[in-house]
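I have placed the structure first, in the form of structure tokens, so that the comments after it can refer back to it.
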There are 2 protein chains.
Amino acid sequence: MIDRELMRGAGPVAVLKLLERRPMYGYELVETLERQTNGIFVMGESTLYPLLYNLEGKGLVASRWDEEGARPRKYYRLTPSGKRRLAEDARRWKSVTEAMGALGIVEEALAW
Amino acid sequence: MIDRELMRGAGPVAVLKLLERRPMYGYELVETLERQTNGIFVMGESTLYPLLYNLEGKGLVASRWDEEGARPRKYYRLTPSGKRRLAEDARRWKSVTEAMGALGIVEEALAW
DNA sequence: CTTCATACATCGTCTGGCATAGTATGTGTG
DNA sequence: CACACATACTATGCCAGACGATGTATGAAG
């Protein structure tokens with residue numbers, strides 16, 4: 001499990017990235033995140049749902065209820081605005097990792 | 001300048017890393033951070049000083065006033081406890097970047 | 001029929017970034 | 001010399017966001 005502060009910047013970007021592939025519902029996002037990152041990003045539901053509402057409020061994702069299956073699911077999809085934001089955030093993320101690399105943080109970690 | 005949220009986890013680690021090399025005073029940390037990261041980490045004083053007080057409160061850094069020069073400077077140095085924390089945080093940071101890589105965030109950024 | 005997994009929602013607390021503002025002194029410039 | 005600007009640290013207060021705790025409802029498994 002990752003430090004809450006480190007999660008802070010990474011969380012929204014990760015969620016947007018998953019939604020880029022295909023629409024997903026909340027519970028699915030939590031599980032996919034954990035699986036795809038080998039258990040590194042363990043985002044509780046009380047973290048994810050507010051995060052989704054926030055993204056929706058900003059127009060970066062949109063939701064739609066699906067009543068078809070066994071139980072109702074709220075699917076979120078990436079909006080065009082969200083797609084742009086994802087590209088932006090990904091660029092920023094790369095900057096941050098470059099900066100950390102320039103400080104020698106990565107090498108420090110590799111020494112372990 | 002980097003988004004505040006992305007900065008969030010990275011700040012303390014970056015500061016600890018700089019202090020690993022040699023003791024530095026606050027103002028110096030702000031400038032060194034910006035220079036070493038090619039202007040990516042621009043940390044305001046109102047962010048850095050509270051951060052330092054926080055690290056000192058946790059015993060990760062220790063301070064000492066230097067009245068020798070033209071104006072008083074408060075030098076911070078890494079404590080043994082801070083050194084351990086740095087190693088830990090660096091490992092965590094590596095995990096996060098790995099996770100982001102696994103999600104394809106890096107490739108997204110490279111496409112730009 | 002009880003236990004566990006699925007699925008979404010909300011509240012309250014704590015942390016921390018940062019804008020704002022203030023104090024004090026050194027340095028450069030016209 | 002006056003004044004602007006850089007250096008250097010401190011303090012206050014707002015706001016965003018992570019997450020633990022809690023609640024509701026239903027399906028599947030034993």
Using whole Å, what does the distance between atom [atom2] of nucleotide [N] and atom [atom1] of [X] come to?
{"X": "B/E67", "N": "D/dC9", "atom1": "CD", "atom2": "C1'", "answer": "12 Å"}
{"X": "B/E68", "N": "D/dA8", "atom1": "CD", "atom2": "P", "answer": "15 Å"}
{"X": "A/E34", "N": "C/dA5", "atom1": "CD", "atom2": "P", "answer": "13 Å"}
{"X": "A/Y27", "N": "C/dA9", "atom1": "OH", "atom2": "C1'", "answer": "14 Å"}
{"X": "B/M24", "N": "D/dA8", "atom1": "CE", "atom2": "P", "answer": "11 Å"}
{"X": "A/Y75", "N": "C/dC8", "atom1": "OH", "atom2": "C1'", "answer": "14 Å"}
{"X": "A/E31", "N": "C/dC4", "atom1": "CD", "atom2": "P", "answer": "17 Å"}

Residue set satisfying salt bridge (Lys or Arg N to Asp or Glu O under 4.0 Å) with B/E34, at least two apart, ordered chain then number -> none
Minimal heavy-atom distance between A/L78 and A/L60, with the atoms involved, is CD1-O, 3.7 Å
So side chain to side chain donor-acceptor pair (under 3.5 Å) across residues 51-60 of chain B, not counting sequence neighbours, yields B/N54-B/K58, B/E56-B/S63
So side chain to side chain donor-acceptor pair (under 3.5 Å) across residues 70-80 of chain A, not counting sequence neighbours, yields A/Y25-A/R73
Minimum side-chain heavy-atom gap [X]-[Y] below 4.5 Å:
{"X": "B/L19", "Y": "B/L29", "value": "yes"}
{"X": "B/Y27", "Y": "B/L48", "value": "no"}
{"X": "B/V61", "Y": "B/V15", "value": "no"}
{"X": "B/M43", "Y": "B/L51", "value": "yes"}

Note to self: Under a 4.0 Å threshold between the charged nitrogen and the carboxylate oxygen, would B/R91 count as salt-bridged to B/E88?
What the structure shows: no
Exercise for review: Give the intermediate values and the outcome of side chain to side chain contact (heavy atoms under 4.5 Å, CB included) for residues B/E31 and B/E28.
Suggested key: CA-CA 5 Å; B/E31 297 203 307; B/E28 189 184 11; 5.9 Å; no
Exercise. Might you confirm whether atom CD of A/E68 has over 12 heavy atoms from other residues, nucleotides or ligands at distances under 6.0 Å?
Key: no
When the rotation axes relating C1' atoms of four end pairs to the next four are compared across the helix from C/dC1-D/dG30 to C/dG30-D/dC1, five pairs an end, they differ to 10° by 20°
Protein-nucleotides 22-26 of chain D N/O pairs closer than 3.5 Å?
| unit_1 | atom_1 | unit_2 | atom_2 | d |
| --- | --- | --- | --- | --- |
| D/dT26 | O2 | A/R71 | NH1 | 2.4 |
| D/dT26 | O2 | A/R71 | NH2 | 3.2 |

Under 4.0 Å between a side-chain N or O of B/Y25 and OP1 or OP2 of D/dA8? yes
The correct set of residues in residues 48-62 of chain B placing a heavy atom under 4.0 Å from DNA chain C is B/N54, B/K58
Which of C/dA9, D/dC9, C/dC18 is nearest the side chain of A/W65? It is C/dA9
Of the candidates C/dG17, D/dA18, C/dT6, the side chain of A/R73 sits closest to C/dT6
